[in-house]
Participant: 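Here it is: the structure, laid out below.
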Amino acid sequence: MNDMTLTKEQREARLEGMGCKRKRVEDVRFTQGKGQYVDDIKMPGMLFGDFVRSPYAHARVKKIDASRALALPGVIAVLTAEDLKGVNLAWMPTLAGDVQMVLADGKVLYQNQEVAFVVAEDRYIADDALQLIDVEYEELPVLVDPFRSMDPDAPVLREDLAGKTTGAHGPRKHHNHIFTWDVGDKDLTDKAFREADVTIKELISYHRTHPSPLETCQCVAAMDKVKGELTLYGTFQAPHVIRTVASLLSTIPEHKIHVIAPDIGGGFGNKVGAYPGYICAIVASIVTGRPVKWVEDRMENLSTTSFARDYHMTTEIAARKDGTVTGLRVHVLADHGGFDACADPSKWPAGFFNIVTGSYDFPVAHLSVDGVYTNKAPGGVAYRCSFRVTEAAYCIERAMDILAQKLGMDPADLRMKNFIRRDQFPYQSALGWEYDSGDYHLAMQKAMDTLNYRALREEQKQKQEAFKRGETREIMGIGISFFTEIVGAGPSKNCDILGVAMFDSAEIRVHPTGSVISRMGTKSQGQGHETTWAQIIATEIGIPAENIMVEEGNTDTAPYGLGTYGSRSTPVAGAAIALAARKIRAKAQMIAAHMLEVSEYDLEWDVDGFQVKGNPQARKSMTEIAWAAYHAPPPGMEPGLEAVSYYDPPNMTYPFGAYFCVMDIDVDTGVARTRRFYALDDCGTRINPMIIEGQVHGGLTEAFAIAMGQEIRYDEAGNVMGASFMDFFLPTAVETPHWETDFTVTPSPHHPIGAKGVGESPNVGGVPAFSNAVNDAFAFLGSTHIQMPHDSWRLWKVAKELGATA
Ligand code: CDP
């Protein structure tokens with residue numbers, strides 16, 4: 001109603017729009033155990049599927065005998081690659097232009113690879129049946145070291161590619177080579193190195209890890225043979241893409257496939273791709289005519305359903321004596337495992353790794369990436385980052401510290417000297433990106449002032465002296481990371497998935513009473529979209545957020561979108577939401593003009609309605625306008641008040657941040673204690689500061705885990721060494737440090753509300769801060785670079801090698 005008894009501020013506060021620390025509406029059901037996840041779905045006659053998996057990392061599959069399993073009461077079917085061949089589904093395309101076995105076709109390429117799919121009346125029978133399937137393997141030589149993958153005598157992993165000298169991304173130079181990706185100016189970069197006063201070169205590895213969401217990957221496929229319709233419930237970060245892929249593979253028309261992603265318990269990139277479990281559940285449902293559920297267990301998830309990182313980055317910087325950087329040269333050896341199932345936009349075989357020049361004004365740079373096959377699980381997903389941006393940030397932030405060490409310069413001063421200046425934006429990077437906006441000096445200075453950085457350095461100096469005198473066994477490190485991200489994939493000119501441009505969408509319907517239902521092509525997995533999307537709409541159309549319902553994840557009702565990952569939701573869907581809302585506001589203005597009998601140009605927007613310029617008493621609230629839209633629209637105007645927007649962003653957004661970690665390490669035990677962790681983020685306009693803080697806390701906790709212990713390791717036989725939470729470090733509240741958060745605001749100039757993404761930033765910026773703290777602590781003892789992860793065992797060994805402990 002037209003409640004002018006409230007002040008403007010009160011009316012604004014009532015909206016709970018952008019900038020408000022609105023409580024998360026989805027938490028009402030989550031905190032009461034009322035979330036609806038895939039495993040909550042129970043359908044009449046539902047069957048359960050489970051996989052027979054290979055104990056070997058590389059072996060020929062000679063024979064599969066399922067007769068004993070089929071004799072077990074309750075077992076309905078056992079699928080093998082031979083069965084899938086009948087429907088042309090023994091192999092499936094990957095997002096990276098490769099193909100991947102759905103079930104082992106003649107051989108296996110990594111431990112726990114899917115060999116056969118058992119379908120049974122319940123999960124226990126399926127599990128029992130797995131033990132009754134006899135598979136005869138012939139072991140083959142195993143390749144786990146990516147540095148040996150292109151040796152002349154390295155075993156041939158992909159026999160299906162025999163003789164193929166080109167792949168999806170150009171020429172292949174060896175039977176285990178996937179692609180070479182070259183960016184930048186090699187000649188100019190080589191020249192910069194020839195002319196440099198100082199150079200550094202270091203192999204900086206980012207180990208293999210895993211997103212490990214609490215809910216594993218799962219689905220329920222239900223084929224209605226009468227209607228010829230497939231309903232697929234699943235843990236999908238990109239439901240529309242899954243529907244398109246399912247249609248292309250199954251030849252079921254897209255409109256007869258209903259993909260529904262219900263509540264999702266964390267994704268972090270793990271739930272973007274299509275996995276054999278989805279395909280097998282669909283085929284099993286088509287074959288049996290009954291719904292089939294597939295739910296991975298923890299070990300299956302950690303060992304097979306994608307991985308992250310595994311980049312080995314030989315990094316060189318050329319600089320002048322005064323610390324000015326003059327060139328960057330990086331070569332990456334990328335370990336992709338048995339198939340190239342990297343989840344990147346199609347044209348980018350190494351994602352956006354060419355953001356590796358970071359926050360610094362490198363005049364020239366050259367990057368080359370070689371992707372190789374090994375006997376490890378496929379994947380290469382963007383674990384809470386935008387397509388290989390985490391690897392790039394780690395690479396450059398570690399290298400800048402190494403350069404500072406060589407120059408004898410303070411790492412903060414080196415960064416300040418080389419930052420891209422505020423007046424250089426929009427900034428064209430040497431490796432091809434146009435950074436939209438930033439004020440790096442301001443953010444860095446704020447961080448340094450808040451922490452009293454110079455005093456910390458003084459304290460560190462004193463501690464190093466005390467350590468040398470034998471008065472303490474503790475060393476202190478200060479880790480700095482100043483990262484620039486590239487998020488918001490993305491502009492259709494350079495981003496697509498399997499040919500579908502990476503736009504996103506929003507549909508908003510205002511009902512007669514002024515309540516709203518809105519639907520988006522994104523899918524929250526915990527990021528709080530139901531809360532924040534409503535806040536954008538509230539500010540744009542002046543209807544309180546509590547009257548706005550947000551729905552995602554149902555391909556029957558939501559407009560087509562490319563989903564949620566890589567912090568793309570705010571930069572892309574967030575923009576679509578604002579623009580759809582503005583269409584509604586534009587129509588509302590015409591309706592209000594008719595109601596007030598003035599020209600629409602005589603009206604101005606005021607918080608939650610339109611008023612006549614110079615006569616604010618003459619106004620119509622959005623609630624009144626909504627009623628009029630259905631009751632008495634202006635003559636000639638269609639009734640109703642709704643809009644759809646598909647947004648193709650003109651550019652990515654470039655959030656940034658200054659992170660500092662202060663750490664004490666006991667050299668006799670290797671135990672590292674994070675004394676302070678300060679994270680300043682700039683994600684442009686902030687929609688919900690409380691949600692941003694939550695995103696930062698979560699991402700920092702993952703960064704802490706990755707830097708300080710989390711790893712998917714393999715032994716020489718290709719056995720996965722980190723496939724359970726006994727071995728894979730997932731920090732609890734006990735280990736997790738305290739986080740201090742801060743911000744600056746530099747809006748994106750091309751985004752309708754000036755917002756950039758934020759969800760991935762803490763993972764991207766956090767890992768180098770931790771690792772730099774560890775390296776900074778040990779540097780005075782003579783070390784240059786210590787490989788991650790920095791668990792106590794490894795740190796103790798480093799201390800021992802440096803002669804710091806017995
Ligand atoms: O794509 P994803 O949702 O993972 O990442 P995001 O776009 O960075 O958004 C994560 C959460 O932070 C969402 O709920 C956003 O609305 C919120 N956010 C915000 O409040 N302000 C921003 N400038 C960016 C994100």
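Ligands are counted one by one from 1 in listed order, and the atoms in each one are counted from 1 as well. Any value given below was found using the heavy atoms of this structure, including those in side chains, with hydrogens, waters and symmetry copies removed. Residues: numbered from 1 along the sequence shown.
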Participant: If the cut-off is 4.0 Å to any non-hydrogen atom of Gly757, which atoms of ligand 1 fall inside it?
Facilitator: 8 (O)
Participant: Residues in side chain to side chain contact (heavy atoms under 4.5 Å, CB included) with Glu735, at least two apart?
Facilitator: Phe704, Phe729, Pro731, Thr732
Participant: Within the structure, does Gly684 bring an N/O atom to less than 3.5 angstrom of an N/O atom in ligand 1?
Facilitator: no
Participant: Are any of the N/O atoms on Trp533, whether in the backbone or the side chain, positioned under 3.5 angstrom from an N/O atom of ligand 1?
Facilitator: no
Participant: How would you list, by chain and number, every residue that makes a side chain to side chain contact (heavy atoms under 4.5 Å, CB included) with Leu95, sequence neighbours excluded?
Facilitator: Val272, Ala343, Ile497, Leu498
Participant: Who gets closest to atom 12 (O) of ligand 1 by heavy atom: Ile691, Ile753, Val572?
Facilitator: Ile691
Participant: Which atom names give the shortest non-hydrogen contact between Arg422 and Asp439, and what distance separates them?
Facilitator: NH1-OD2, 2.7 Å
Participant: Hey, is ligand 1 close enough to Pro571 that some N/O pair sits below 3.5 Å?
Facilitator: no
Participant: Would you say Thr685 has any N or O atom under 3.5 Å from an N or O of ligand 1, going by distance alone?
Facilitator: yes
Participant: Report the nearest protein non-hydrogen atom to atom 8 (O) of ligand 1: residue, atom name, distance rounded to 0.1 Å.
Facilitator: Val758 N, 2.6 Å
Participant: Are Tyr206 and Tyr311 an aromatic pair, judged by ring center distance below 6.0 Å?
Facilitator: no
Participant: Between Thr564 and ligand 1, does any nitrogen or oxygen pair lie at a separation below 3.5 Å?
Facilitator: no
